[in-house]
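Order of the sequence lines sets the chain letters (A, B, ...), proteins ahead of strands, with each chain counted from 1.
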Protein chains: 2
Amino acid sequence: MSESSKSPQQPPPPVPTSADVARRAGVSRATVSYVLNNAEAVRISEPTRRKVREAAEELGYVPHAAARSLRAGHTRIVLLPTPHVPIGPLYSTFLNELQWALRRLDYTVVQYGSLGLSGDEAVRAWAELRPVAVISLGEITLTSHNVATLKRAGARAVITMGPVGVPGAHALVMDQQEVGARAAAHLVERGRRRIGVVVPREQGLELFSAPRLAGARSVAGAEVEVLPMAYAEESAAELAARWRGLGLDAVFAYNDEYAMLLMRALQDEGLRVPEEVAVIGADDLLVGRLLRPRLSTVRIEMPTGDHLASLVDYAVREPSEVTERHDLMAAEAVHREST
Amino acid sequence: MSESSKSPQQPPPPVPTSADVARRAGVSRATVSYVLNNAEAVRISEPTRRKVREAAEELGYVPHAAARSLRAGHTRIVLLPTPHVPIGPLYSTFLNELQWALRRLDYTVVQYGSLGLSGDEAVRAWAELRPVAVISLGEITLTSHNVATLKRAGARAVITMGPVGVPGAHALVMDQQEVGARAAAHLVERGRRRIGVVVPREQGLELFSAPRLAGARSVAGAEVEVLPMAYAEESAAELAARWRGLGLDAVFAYNDEYAMLLMRALQDEGLRVPEEVAVIGADDLLVGRLLRPRLSTVRIEMPTGDHLASLVDYAVREPSEVTERHDLMAAEAVHREST
DNA sequence: ATGCGGTGGTTACACGTGTCAATGACTCGT
DNA sequence: ACGAGTCATTGACACGTGTAACCACCGCAT
C-alpha cells in the first residue's frame, strides 16, 4: 500500500518507436525506416510499404528528432539568443520576419535567453544544442574564443549583428553611429547648434544608444548634451520641466517612441516645436506621423528577414574561416514638421 | 587529383566527445560522466576530478544535448508556435516576457512557425521534438486529436491560449469578446448609439478581431457597423473621407494603433473628437496618451509572463487528464479624452 | 547442375550520453 | 592471515534512429 500510494500518477505510456511499428507490420525496423523516409536506393514492394504506413498511422508514430540528429551527426537548429529587453517595434518585427524566413528554409529556430549567465557560460549552453548556426544580436558580445567554442561544437556559421565585427564570425555590421550622425547633421543643417541627445535609462539598450550618441558627437558644428530619460511620462515631464535652463535648441531622441514622449512633454510645458526646439527621433514609426507636428526621424534600412535568412543559409553551405564583413543598414534623415 | 580537388572544403574536425575527455584524462568514460555531472551517489577522488576537469577544459568539451535527452527519455523543450503576423506591441512584449520566465525555470524555448503546413502536419512536426509542453497561441486551433498526438509523443502539458478551450488541454481562455463588450458599453454609457467597429484588413488577426467585434455586437443599445481598414495612412484617410456619409457617432478600433491612425485621419477631415465622433481603442499603449485628445482605451489584464510560465511548470509537474480551464484576462474601459 | 543478376528484405553497427552492477585495491578488526 | 568493509573506478547496456553490407530467393541462360 505504501508503494502504490506514494505517487498517485502512474508513469505515462511509452512513446511508440519505429520498432513498435516494425513489430506491428511484421517487418524489420530497417524496412520501416526505409519506407518512412521514402528511400530510393532500396527497393521495397508496394504491399509492404502499405503495411508499414498503416501500422505507423495506427500507432500514431512520430520519429524522434533528437535520435535522428544524433545519428545524422548534425542538426538544422539556428540559435537566436534573445535580448530580455524589448528593443523596439522595428526590431521585433524584423526578428519575427527572420524567424519565418529561416523556417521556410527548413531551419528550426531556438530562442535562448542568456539569463544571468556569464558570456562564456551562455555560449557553452548554446553549444550543447549543436546548432548549425548562431545569430547573435549583439546583446552578448562574442569573443573570438566564444566563436571558436561554437565552431568546435559543429556550428558552421556564426553571425553577429551589431556595431562591431568579431574575428572568425560573419559580421553584419549595423553601424548605429550612422544613425546618430545623420540626425545631428540634419539638425545642424537646419541651423541648430546645441543638441540634446536622449539616452534611455533602461538597461540593455546601451549597445544601441551609445553608438548613436557617439555618432551625434562626431558631427562638426554640434554641441552635444547627454540627457538620460526613462520610457515613462513622468520621466519625460521631469526632463521637460528643467528644459529652459538647459539652453538647447534641438533634441535627438534614442528612437521615435522616446521622441514622441518627450515632444509631448515639451509641448505641455508651453515650448513650441519646432520653433523653440527641434525634435528628431529614429526608426520611422508610423505613429510618429500622427502627432502634431509630424515627427522628423531617421529611417533605418534594415535588411529584410528573407535577406538575412538566405545569408545564413549561404554561410551554412559554404563555411569559411575568414571573417566576412557585410555592411548593412544605411540610414537617412526624414524631414517632417518637428525640425 | 580528381579525388582531392572535387571538394575544396575538407570535412570539419570531429566534435570532442566525453570519450575523448576520458582518453585524455586516462580514465573511463563513466568517470568523466560522474565528474562532469557532479554525481553525489558515487565518490570520485579529488585528483581524478581535477584531471577530468582539466582534460575537458583543454579539449573544449561540451556535452551533446540531443544525446543526453535521448538517454534521459525526456526534454525540457517548450514549444511555442509563433504567429507570422505581428500581433501588436502588447502581445509581443508578453511573449518576450514569457520566454524569459520559461528560461528562468530552465526550459528551452523553441519557436516554430507552422508555415504552409496543415494543422495535422504542423502538429506532427512539433511532436518530433518531443517537447515537454506546448503553448499554442491560437493561430492554429488544435483539435483534441492533435492534443492526443502531442501527449502520445511525451508532452506532459498542452496549453492553449485563445478565445475557446480545447478538450484535453489546459485552456487559458482569453475572452476577447469581453474587450469588445467593454468598449461598446463604455460608448453606450456616454450616449452613443451608432458605433463603427474597425476590423483590420490584415490577414491572421481574425482570431482576435472577430470576437472583439462579436463582443461589441452583444451590447444592448448599440448599433454596430463593420469597418474594414488596413494599418496604413491611406486606408485610414480613405475611411475618414466617407465618414460623414456613414452616420456614426462613435468608433471602436481593433486596438490603439488602429484607433490612433483613424483618429488622426478623422481630425484631418475636420471632424471634432470627441464631440462629433468618439474614439476608443484597446491595449492601453503609452503612445495613445500623447495624442490630442488623449485616447480612451480598453485596458487588458494580460497574465504576466512569469505567471503563465509557472503555470506551465505546474502543469508539467502534475499532468492531468482533465481539461482544466483558467479564465484570464479581465478587461476594463479607461476613459481619457477621446470619448 | 551451375553460375548470375535482379528483387525484397534483414542483420549489425554507430551516433553520445547516463547509470547500474560489478570489480579491484586497500584498510581494519579480530 | 583472513573475511568484512569502505573507496575508487570501470564494463556494459539502453535510449531511437539511419544506412552499409549482407543474405535468401527466384528465374533464366549456360
What's the [atom1]-[atom2] distance between [X] and [N], to the nearest Å?
{"X": "B/R50", "N": "D/dT9", "atom1": "CZ", "atom2": "P", "result": "13 Å"}
{"X": "A/I44", "N": "D/dG18", "atom1": "CD1", "atom2": "P", "result": "14 Å"}
{"X": "A/R43", "N": "D/dT19", "atom1": "CZ", "atom2": "P", "result": "17 Å"}
{"X": "A/Y34", "N": "D/dT17", "atom1": "OH", "atom2": "P", "result": "15 Å"}

Who pairs with [X] by side-chain contact (heavy atoms from CB on, under 4.5 Å), at least two apart in sequence or on another chain?
{"X": "B/N38", "answer": "B/R53"}
{"X": "A/A309", "answer": "A/L98, A/A101, A/L102, A/L105"}
{"X": "A/T143", "answer": "A/H145, A/N146"}
{"X": "A/L70", "answer": "B/H64, B/A67, B/L70"}

For [X], give me all partners under salt bridge (Lys or Arg N to Asp or Glu O under 4.0 Å), at least two apart in sequence or on another chain.
{"X": "B/D120", "result": "none"}
{"X": "A/R104", "result": "A/D306"}
{"X": "B/R23", "result": "B/D20"}
{"X": "A/R71", "result": "none"}

Describe the nucleic acid contact of [X] in one word from base, sugar-phosphate, nothing, applying a heavy-atom distance below 4.0 Å.
{"X": "B/V27", "answer": "sugar-phosphate"}
{"X": "A/S28", "answer": "base"}
{"X": "B/S33", "answer": "base"}

- request: Might you point out which heavy atoms bring A/A56 and A/L36 nearest each other, and give the distance in Å?
  value: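 Result for this residue pair: CB-CD2, 4.4 Å.
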query: Where each residue is assigned the nucleotide of DNA chain D containing its nearest heavy atom, which of B/A30 and B/E46 is assigned the position nearer the 5′ end?
result: B/E46
- prompt: Pick the nucleotide of DNA chain D nearest each of A/T31 and B/T31; which residue has the one closer to the 5' end?
  reply: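 Looking at DNA chain D, the more 5' nearest nucleotide goes with B/T31.
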task: Residues of residues 66-76 of chain A with any non-hydrogen atom less than 4.0 angstrom from an atom of DNA chain C: list those, numerically ordered, please.
output: A/L70, A/R71
query: Can you pull the contact range of chain B along DNA chain C, 5' to 3', using atoms under 4.0 angstrom from its heavy atoms?
result: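 It runs C/dG16 to C/dC20.
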message: To the nearest 10°, give me the bend of the helix from C/dA1-D/dT30 to C/dT30-D/dA1, comparing the axes of its five terminal pairs at either end.
response: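 Both end axes considered, the difference amounts to 80°.
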A/S310: side chain to side chain donor-acceptor pair (under 3.5 Å) partners, not counting sequence neighbours: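 Per chain and number, A/S310 pairs via side chain to side chain donor-acceptor pair (under 3.5 Å) with no residue.
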- prompt: Out of A/V109, A/L150, A/L129, which residue meets the side chain to side chain contact (heavy atoms under 4.5 Å, CB included) rule with A/L79?
  reply: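 Of the listed options, the one satisfying the test is A/L129.
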